[in-house]
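Working notes, beginning with the structure itself.
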Amino acid sequence: MKLFIDTANVAEITEAASWGILDGVTTNPSLVAKEGRSYHELVAEICRIVPGPVSAEVLATDAEGMEREGRELAGIAENVVVKLPITQDGIKVCSHFSEEGIATNLTLCFSPAQALLVAKAGATYVSPFVGRIDDVGQDGMQLVREIVQIYDAYEFPTQVLVASVRHPQHVVESALAGADVATVPLKVLQLLFRHPLTDIGLQHFLSDFREAKDVH
Ligand code: G3P
């Protein structure tokens, strides 16, 4: 399973990229707004830091506007993936972009029915938002399992990109469900490294070595 970072912050992206395990980046308008910078310049800088796919979302909600903005975003760098909302207009634009070979990420997926339409439109990625489903008392990971089952049954090439990831167990369950990608905030990526027994074991190894008399 690929690991993307879910942020538009250059320092966070640079930090995660330095670990050598980062496959791509996802941004959204809320994340970009926090940075207070020119949108296109920011996307260009992120694309230079990470050679993998970088999702950048359109702001228009009508097909014509989404198509125009999507082409502009795709023109920034070869690794830009145009993020579109799952609406009738978004699916329409996705179908056009699929025919032209423009990579797409269809976002705000909350049902298997939406995911089916996304695959039929030839999207590169579908983004189920697991944390936001959990927030309303439903099971976000169940949606991921259902999408994987549908896509496997019909051999749809659209990749399942698990978003709205809130804790390490979302990442583990995504991998167990056979998702293609999890996009993860920096603080959750950092938690993936941690286990108290690793810290305790390392302390023991080092203190045993220090206390040994005849080892250099
Ligand atoms: O990038 C979209 C998604 O990951 C947002 O997550 O935590 O705002 O639901 P969250």
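All residue numbers refer to positions in the sequence shown, counting from 1. Each ligand, and each atom within it, is numbered from 1 in the order the structure gives.
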Can you figure out which of Ser127, Ser164, Ala182, Ala163 has its heavy atom closest to atom 10 (P) of ligand 1? Ser164
closest protein heavy atom to atom 7 (O) of ligand 1 is Arg166 NE, 3.0 Å
Salt bridge between Glu64 and Lys92, side-chain N to carboxylate O under 4.0 Å? no
Could you say whether the N/O atoms of Thr26 and ligand 1 ever approach to under 3.5 Å? no
For Lys83, the ligand 1 atoms with a heavy-atom partner under 4.0 Å come out as 1 (O)
Parallel, tilted or perpendicular: ring planes of Tyr154 versus Phe156, cut at 30 and 60 degrees: tilted
Taking 4.0 angstrom as the limit, do Arg145 and Asp139 come out as a salt bridge? yes
Which atoms from ligand 1 have a heavy atom of Arg132 less than 4.0 Å away? 5 (C), 8 (O), 9 (O), 10 (P)
Can Thr26 and Ser55 be counted as having a side-chain donor-acceptor contact under 3.5 angstrom? no
Residue from Leu186, Thr7, Thr27 passing side chain to side chain contact (heavy atoms under 4.5 Å, CB included) with Ile13: Thr7
Could you check whether any heavy atom of Asn28 sits closer than 4.0 Å to an atom of ligand 1, since that is the contact criterion I want to use? yes
His96 side-chain N/O to Glu99 backbone N/O, donor-acceptor pair under 3.5 Å: no
Would you mind checking which non-hydrogen protein atom is closest to atom 4 (O) of ligand 1, with the distance to 0.1 Å? Asp6 OD2, 2.5 Å
